[in-house]
Amino acid sequence: MASPTPLTSSLLPLLVLARISALLVALLLLCWSLAFRSSFLPQYSSQEGLIYPLLHPLLMVIGFILVSGEAILVHRWPPGSRNLRKSVHLCLQGVALASGVFGIWTKFHHEDGVVANFYSLHSWMGLICVFLFGAQWLMGFLSFWHRGEARRARVEVLPWHIFLGLYTYGLAVATAETGLLEKLTFLQTKRGLSRHCAESMVVNILGLGLALLCGIVILAAVSPKYRILQTKLAYSDR
């Protein structure tokens, strides 16, 4: 197994910060969903109806955003062969895609049906995001994993793969932010939640944590020196 390059080692603090930020986001989301369960419960439902509203944010944030962010970071760390990193990247992105699809299903799995839940900017952005993510995963599988692809074709597709991956990741975070805002606005206007209560603070800090995590992950991915190094080394013929 290859040892870490000086470039990777120099970015190790950034990678550690990204993992710490992701852990804090996950803890904040779990704290919100467990400590304030009634906020996810429809007014006309019993406790048995809590599971699907609760699964939606958990799957979309932890399963979709955090796992796909880790899939982006895996190209920087841990050290190893390109084949290993590509394999882990593809698997993590597959887990994220499955979480996103199931997360949307939990939102639409309601007695009111799909149309009643497909009305907001958040829902529109979410469907577009998962569709783009699926196209991105398929592009990555066909272009970079399939051994029959020519090296030139892989190199030509690489910039588009990187752009679409980072754009979709940023769009996923933006979609989550609109979802947090939509949920908090609903709680404050329909259920009388105070703007300065503990739950409001948790949701706001969660949104800031997602924004911070997004910036760190994208910064690690677009490091200019790393992009030059990757262009020279990645997807070469063996």
Side-chain angles (χ1 to χ4, degrees), residues 11-41 50 53-78 89 92-93 95-100 102-104 106-107 120-126 128-130 132-133 165-188 191 193-223:
L11 287 179
L12 186 59
L14 184 63
L15 299 176
V16 171
L17 180 59
R19 269 70 182 224
I20 293 175
S21 300
L23 178 60
L24 291 177
V25 166
L27 291 175
L28 281 170
L29 181 61
L30 289 173
C31 175
W32 182 32
S33 59
L34 295 177
F36 305 98
R37 292 190 300 272
S38 60
S39 295
F40 297 90
L41 186 64
L50 177 64
L54 196 59
L55 276 177
H56 179 72
L58 293 176
L59 286 170
M60 300 309 294
V61 174
I62 296 178
F64 190 56
I65 294 177
L66 298 191
V67 173
S68 63
E70 183 62 30
I72 295 173
L73 294 174
V74 80
H75 280 298
R76 306 304 309 270
W77 190 89
H89 175 80
L92 288 176
Q93 294 287 51
V95 171
L97 178 60
S99 298
F102 187 57
I104 288 181
T106 60
K107 186 64 176 178
S120 65
L121 177 63
H122 172 68
S123 60
W124 298 346
M125 290 176 65
I128 293 173
C129 184
V130 171
L132 289 177
F133 196 92
L166 295 180
Y167 174 78
T168 305
Y169 178 74
L171 182 63
V173 173
T175 302
E177 300 285 13
T178 61
L180 293 177
L181 179 60
E182 180 181 295
K183 184 67 174 180
L184 194 56
T185 301
F186 171 80
L187 292 174
Q188 291 174 350
R191 299 194 180 181
L193 187 72
S194 172
R195 292 172 178 160
H196 303 287
C197 68
E199 184 174 1
S200 295
M201 295 300 103
V202 169
V203 176
N204 287 333
I205 296 173
L206 176 59
L208 290 175
L210 281 170
L212 174 64
L213 175 64
C214 181
I216 295 172
V217 170
I218 292 178
L219 176 61
V222 301
S223 174

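Worth knowing before you read on, the calculation uses all heavy atoms, side chains too, and leaves out hydrogens, waters and symmetry mates. Everything numeric in this text was worked out from a predicted model, so none of it was measured.
Nearest approach of H89 to A71, heavy atoms of both residues: ND1-O, 2.6 Å. Here the shortest heavy-atom pairing between K183 and S39 reads NZ-O, 2.7 Å. Residue G100 comes nearest to M60 through the heavy atom pair O-SD, 3.6 Å, listed as atom of the first residue, atom of the second, then distance. A pairwise comparison of heavy atoms in Q188 and S200 identifies NE2-OG, 3.6 Å as the closest pair. Nearest heavy-atom pair across F64 and A172 is CE2-CB, 3.7 Å. Here the closest heavy-atom approach between residue A22 and residue L213 is recorded as N-CD1, 3.9 Å.
Between atom CG of residue L24 and atom CG of residue L28 there is a gap of 6.5 Å, rounded to the nearest 0.5 Å. Between the CG atom of L193 and the CG atom of L184 there is a distance of 6.5 Å, given to the nearest 0.5 Å. Considering CG of L58 and CG of L30, their distance stands at 6.0 Å, rounded to 0.5 Å. Atom CZ of residue R195 and atom OG1 of residue T185 lie 9.0 Å apart, to the nearest 0.5 angstrom. Considering CG of L12 and CG of L17, their distance stands at 11.0 Å, rounded to 0.5 Å. The line from CG of L92 to CD1 of I72 is 11.0 Å long, rounded to the nearest 0.5 Å.
V25 is not listed as a side-chain neighbour of L212, based on a closest heavy-atom distance of 4.5 Å or more. Put simply, the side chain of K107 does not reach to within 4.5 Å of the side chain of L55, judged on heavy atoms. Here the side chains of F36 and L187 are not in contact, with every heavy-atom distance at 4.5 Å or above. Contact of the L73 side chain with the R19 side chain is registered, since non-hydrogen atoms from C-beta on lie closer than 4.5 Å. The shortest side-chain heavy-atom distance between L180 and L210 falls under the 4.5 Å cut-off. The side-chain heavy atoms of V202 and E199, taken from C-beta on, include no pair separated by under 4.5 Å.
Taking S33 as the reference, nothing meets the side chain to side chain donor-acceptor pair (under 3.5 Å) condition, with sequence neighbours excluded.
The backbone N or O of I65 lies less than 3.5 Å from a partner atom in the side chain of S68, making a donor-acceptor pair.
The side chain to side chain donor-acceptor pair (under 3.5 Å) pairs that include a residue from residues 169-179 are H122-T178, where partners are two or more places apart or lie in different chains.
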